[in-house]
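This report concerns only the one structure given below.
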Amino acid sequence: MPELPEVQTVVNTLSPRVTGATIRAVTLHRIDIVTPIGTDLVKHLTNRVISQIERRGKRIVFTLDDGNRFFIHLGMTGRLTVESLDSEILKHTHLIFDLHDGSQVRFRDPRRFGGVFWLGSDDPAGTMGPEPMTLRADELFAKLKKTKRFVKTALLDQKLVAGLGNIYVDEALHAAGIYPKLRADRLNRQQVEKLTVAIKTVLKRALKHRGSTLRDFVDADGLKGAFQKLHRVYDREGKPCLTCGGSIKRIVLGGRSTHFCPKCQKRSK
DNA sequence: CGCGGGCCCTGTGAGC
DNA sequence: TGCTCACAGGGCCCGC
């Protein structure tokens, strides 16, 4: 579900509702969604003020008034929403913050690939790579030079660039006319230049449409994204390429679905 | 030590 | 209608 545009959309909709809010109570229904194991989240958060909320990679980073931080990762099916007290608490709701104004922030994640990660004073970025929106082509070129993996697989590595996922890597490679199975270290300067621009263009357009909802994604207000209607390759196997009319192919790389147009994204050069 | 594969989970939709 | 199976936006951990 959540890649950079979706996570940013959650932050954008959550921020005005929680920035400056006091967490009056914390209800943790499953302690195993919290990392490190044994963290007393209730103690850390109760009666704290949320002074800031921001995105780093695919992480939603909260800064508290005591300077401590934690982040929530949405995994595949995570939702972070603001709801009223009387709205039904759905199955798989693992964490609830009661705010001073009577609203609740709820974290719900059926597959539990997401979770809550206590940082304290640790760096929210961890070992993550640079943000794609401010990425420089020479920087990406240097990183891709260091690996023999397929360019598709390399771009999914959050240590290389932080925030891209399966949808936007496929979309960006298509926009740049690059074959997904091309070895990362074989891309030339012009290709990386084009790829850098394509990544930014695709992410910017996706953000403008509040991300992609294939199934689960909603923002903090429960609103779905609309960018899935504008995908040019992702989840379009067998359909005509919107650029050249060729048939979109689906292959599996590193266990992930990969969609591309064999005519626009040629194997050679 | 880089890399590929397995695995962690639940829900859904296609196919029989 | 009901069952089985493949698959899903992510990422950690384990051998090789």
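Fair warning: this is a prediction, and the values are worked out from it, not measured in the lab. Atoms considered below: every heavy atom in the structure, side chains included; atoms not considered: hydrogens, waters and symmetry mates. Reminder, nothing fancy here: chain letters follow the sequence lines and each chain counts from 1.
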*Consider the side chain of A:R111, meaning its heavy atoms from C-beta on, and name the nucleotide among B:dG11, B:dG4, B:dC9 that approaches it most closely.*
B:dC9
*Establish, yes or no, whether a centroid distance under 6.0 Å links the rings of A:F70 and A:F117.*
no
*asked:* What's the gap between C:dA6 and B:dG6 when it is taken at their P atoms, as a whole Å value?
replied: 14 Å
*Return no unless some side-chain N or O of A:Q158 is found under 4.0 Å from OP1 or OP2 of C:dG11.*
yes
_Main-chain N/O of A:V10 paired with A:T13 side-chain donor or acceptor, under 3.5 Å_ = yes
*For A:R30, answer base if it contacts any base atom (sugar-phosphate contacts may also be present), sugar-phosphate if it contacts only those atoms, and nothing otherwise; contact means non-hydrogen atoms under 4.0 Å.*
nothing
_From the set B:dC3, B:dT10, B:dG4, return the single nucleotide nearest to any side-chain atom of A:K148._
B:dC3
*Who is the Watson-Crick or G-U wobble partner of B:dC9, with both distances under 3.5 Å?*
none
*Name the closest nucleotide to the A:N166 side chain, picking from B:dC9, C:dG10, B:dG11.*
C:dG10
*Nearest whole angstrom, please: distance from the P of C:dA8 to the CD of A:E237.*
10 Å
_Along DNA chain C (nearest heavy atom to each residue), the more 5'-positioned of A:G255 and A:K159_ = A:G255
*Report, as yes or no, whether the 6.0 Å neighbourhood of atom NZ on A:K159 holds more than 12 heavy atoms from other residues, nucleotides or ligands.*
no
_Please classify the nucleic acid contact of A:K91 as base, sugar-phosphate, or nothing, using heavy-atom distances under 4.0 Å._
sugar-phosphate
*Inter-nucleotide C1' distance (B:dT12, C:dG11), Å rounded*: 22 Å
*asked:* Measuring to OP1 and OP2 of B:dG2, would you say a side-chain N or O of A:T147 lies under 4.0 angstrom away?
replied: no
*Sticking with atom P, work out how far B:dG11 lies from C:dC12, rounded to a whole angstrom.*
24 Å
*May I have the distance from A:D157 (atom CG) to B:dG5 (atom P), rounded to whole angstrom?*
16 Å
*Distance in angstrom units between A:R183 CZ and B:dC3 C1', rounded*: 13 Å
*asked:* Counting only side-chain heavy atoms from C-beta out, which of C:dG11, B:dG11, C:dG10 sits nearest to A:R215?
replied: B:dG11
*Quick one: do A:E171 and A:R205 satisfy salt bridge (charged side-chain N to carboxylate O under 4.0 Å, His left out)? Show the steps, please.*
CA-CA 11 Å; A:E171 293 295 326; A:R205 290 186 65 225; over 6 Å; no
*Quick one: is C:dG11 close enough that its OP1 or OP2 comes under 4.0 Å of any side-chain N or O from A:H73?*
yes
*Counting only side-chain N and O atoms of A:R149, is one of them less than 4.0 Å from OP1 or OP2 of B:dG5?*
no
*Name the nucleic acid region contacted by A:T213, choosing base, sugar-phosphate or nothing; use a 4.0 angstrom heavy-atom cut-off, strictly under.*
base
*A:G254 or A:R112, whichever maps to the more 5' nucleotide of DNA chain B*: A:G254
*Within the pair A:H92 and B:dC9, is there a side-chain N or O less than 4.0 Å away from OP1 or OP2?*
no
*Check the distance between C:dG11's C1' and A:F71's CZ and give it to me in whole angstrom.*
11 Å
*Which whole number of Å gives the distance between the P atom of B:dG5 and that of C:dC7?*
15 Å
*Hey, does the Lys NZ or Arg CZ of A:R189 hover above the aromatic six-ring of A:F141, less than 6.0 Å from the centre and inside 45° of the axis?*
yes
*Touch class at under 4.0 angstrom, heavy-atom based, for A:G165 against every strand present*: sugar-phosphate
*Nearest-Å distance, CD1 (A:I72) to P (C:dG10)?*
18 Å
*Measure from CD1 on A:I60 to P on C:dG10 and round the result to the nearest Å.*
14 Å
*Roughly how many Å is it from NZ in A:K143 to C1' in B:dG2, rounded to a whole number?*
15 Å
*Tell me which nucleotide among B:dG11, C:dG11, B:dC3 gets nearest to the side chain of A:K58.*
C:dG11
*Tell me: NE2 of A:H94 to C1' of B:dC8, nearest whole Å?*
13 Å
*Ignoring hydrogens and angles, tell me if any N or O in the side chain of A:K145 forms a donor-acceptor pair with the backbone of A:R186 under 3.5 Å.*
no
*Output yes when a side-chain donor or acceptor of A:E3 lies under 3.5 Å from a complementary backbone atom of A:Y168, and no otherwise.*
yes
*Would one find a side-chain N or O of A:S257 under 4.0 angstrom from OP1 or OP2 of C:dA8?*
yes
_Nearest listed nucleotide, side chain of A:F113, among B:dC3, B:dT10, B:dC8_ = B:dC8
